[in-house]
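What follows is a short report on a single structure.
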2 protein chains.
Amino acid sequence: MARPKEFNPDEVLDKAMHVFWHKGYEATSMEDLLTAMDLNRGSLYDTFGDKRQLFLKVMDRYCTTLVGSKFSLLDQPGPALPKLRQFIFGMVEGALADPQRRGCLIANTVMELAPHEKDIAGKGSQVMKMGEDAFFRILARAKAQGELGPDKDPRTLARFLTTMMQGTIVMIKAGASADTVKQTAETAFSILD
Amino acid sequence: MARPKEFNPDEVLDKAMHVFWHKGYEATSMEDLLTAMDLNRGSLYDTFGDKRQLFLKVMDRYCTTLVGSKFSLLDQPGPALPKLRQFIFGMVEGALADPQRRGCLIANTVMELAPHEKDIAGKGSQVMKMGEDAFFRILARAKAQGELGPDKDPRTLARFLTTMMQGTIVMIKAGASADTVKQTAETAFSILD
DNA sequence: CATATTATGGAACGATCAGTCAACAATAAA
DNA sequence: TTTATTGTTGACTGATCGTTCCATAATATG
């Protein structure tokens with residue numbers, strides 16, 4: 001009832017996401033966000049709350065639209081290791097394809113806001129843990145299906161891949177060449193052999 | 001000649017370093033720095049310039065006092081791989097021993113300020129390249145001394161270890177337990193076998 | 001059409017930001 | 001002891017920060 005919003009909340013949330021992704025939390029001003037989202041102050045604060053609340057909603061949306069959908073592919077039946085390989089290299093290619101090399105919003109957030117903004121950084125850590133668990137599940141399945149040697153430990157390897165993925169994000173943001181990043185990912189993945 | 005400074009520039013630079021290390025670049029205010037360094041504004045601006053220049057000097061000091069000294073140990077003669085192993089686990093233990101889990105100032109900087117503050121982030125990237133080169137030198141030496149298999153490529157492995165180290169920093173800031181971090185480092189290091 | 005409800009737009013708020021400046025203090029050189 | 005030079009101190013600046021608020025506009029309901 002009453003006057004309807006003139007904007008789509010998810011759409012403008014995406015706009016906000018790209019600003020935070022590019023500049024990080026602190027360096028992004030409400031002014032930046034208002035401009036990018038093409039909103040006035042009242043609409044933004046009424047709909048999303050203050051900067052912190054908006055950022056938390058942006059993190060949620062980032063996970064839903066960009067992370068979760070890809071991770072959920074890992075849980076589909078079928079050969080596990082090829083799927084895992086496809087996931088990892090898809091992530092790497094995706095991050096390299098971004099001309100701005102913004103990396104990953106979650107990793108950026110943990111690195112910028114831990115340890116002095118524990119609430120927000122903690123949310124990022126939770127997401128990473130979920131990623132590790134997704135890796136664990138597919139590696140456990142790979143082992144059960146005989147794709148992974150019986151001497152390999154899925155939990156250890158899941159942590160290794162998670163660490164490697166975060167390190168790859170750092171190297172991409174640091175400007176490493178696409179070739180070296182991909183070759184390094186290949187080296188890391190070879191640990192599953 | 002004339003009136004001498006009442007403070008030791010290196011000492012107060014260390015104080016500034018710890019503030020930036022804890023809160024990052026943007027979240028650190030000049031007020032924070034003045035308090036920690038126990039200086040007045042005039043002294044700070046006269047001695048170190050503005051916030052950006054101060055931060056660049058802090059990065060230099062961080063590299064000189066905390067990074068460079070440890071990396072230079074790698075170039076000393078003797079068995080290479082044990083030295084490399086000692087370096088990596090020393091780094092990991094050191095980062096884990098920090099009760100605040102501040103990670104590494106260089107990695108923090110690259111992650112916070114790339115891509116929107118290219119000057120500062122670029123300086124961080126250079127430092128990472130130097131680290132990779134130090135890894136390369138000791139791995140090349142390890143190969144020459146027969147400690148590393150002839151099928152192993154020092155440059156590829158140097159990039160792998162660099163990536164792994166950065167990932168480890170992320171996981172430490174994300175709050176991973178000391179045990180899992182160390183076990184993951186062990187897994188990564190096993191790639192040299 | 002009248003009324004209640006929600007959205008919009010923008011002025012305005014106090015706080016804090018990074019940075020400047022000038023009066024004053026302390027030392028070295030003459 | 002005088003003078004030149006540098007350091008210290010804190011008040012001050014204009015800009016920008018995140019946030020609030022209210023008059024106005026638009027829609028849904030009765």
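Note on naming: letters A, B, ... go to the chains in the order of the sequence lines (proteins, then strands), and numbering restarts at 1 for each one.
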Anything under 3.5 Å between a protein N or O and an N or O of nucleotides 21-25 of chain C, put it in a table, one pair a line.
residue	atom	partner	partner atom	Å
C:dA25	N3	B:R3	NH1	2.9

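Not counting sequence neighbours, B:F160 has no partner by the ring-ring contact (aromatic ring centres under 6.0 Å, His included) test. A:K123 pairs by the side-chain contact (heavy atoms from CB on, under 4.5 Å) definition with A:L56, A:M59, A:D60, not counting sequence neighbours. Judged as a side-chain contact (heavy atoms from CB on, under 4.5 Å), and not counting sequence neighbours, the contacts of B:R137 are B:D75, B:D133, B:A134. Checked against side-chain contact (heavy atoms from CB on, under 4.5 Å), A:T64 has no partners two or more places apart in sequence or in another chain. For A:Y62, the ring-ring contact (aromatic ring centres under 6.0 Å, His included) criterion is met by A:W21, not counting sequence neighbours. With sequence neighbours left out, A:D98 forms a side-chain contact (heavy atoms from CB on, under 4.5 Å) with A:Q100, A:R102.
Contacts with DNA chain C (heavy atom under 4.0 Å) in residues 108-123 of chain B: none are found. Interface residues of residues 24-37 of chain B facing DNA chain C, ordered by number: B:T28, B:S29, B:M30; criterion, heavy-atom separation under 4.0 Å. In the region residues 43-58 of chain A, proximity to DNA chain C at under 4.0 angstrom, judged on heavy atoms, holds for A:S43, A:D46. Within residues 5-16 of chain B, the residues approached by DNA chain D to less than 4.0 Å at the level of any non-hydrogen atom are B:K5, B:E6, B:F7, in residue-number order.
For A:N40, whose side chain is taken as the heavy atoms from C-beta onward, the closest listed nucleotide among D:dT8, D:dT5, C:dT8 is C:dT8.
Distance check, rounded to the nearest 0.5 Å: CD1 of A:I191 to NZ of A:K152 gives 8.0 Å. Expressed to the nearest 0.5 Å, how far CG of B:D14 lies from NE2 of B:H18 amounts to 5.5 Å. The distance from atom CD of B:E26 to atom CG of B:L113, rounded to the nearest 0.5 Å, is 6.5 Å.
In this structure, A:L39 places its CG atom 13 Å from P of C:dG10, rounding to the nearest Å.
B:K70 has its side chain out of reach of B:M91: every pair of non-hydrogen atoms, C-beta onward, lies at least 4.5 Å apart. Contact check for B:L148 versus B:L157: side-chain heavy atoms found under the 4.5 Å cut-off. Residues B:L192 and B:L139 meet the side-chain proximity criterion, which asks for heavy atoms closer than 4.5 Å. Residues B:K173 and B:N108 have side chains in contact (heavy-atom distance under 4.5 Å, counting atoms from C-beta outward).
The ring pair (Phe, Tyr, Trp, His ring centres under 6.0 Å) contacts involving residues 86-106 of chain B comprise B:F71-B:F87, B:F87-B:F135, where partners must be two or more places apart or lie in separate chains.
The cationic atom of B:K51 (NZ for Lys, CZ for Arg) lies less than 6.0 Å from the six-membered ring centre of B:Y25 and within 45° of the ring axis.
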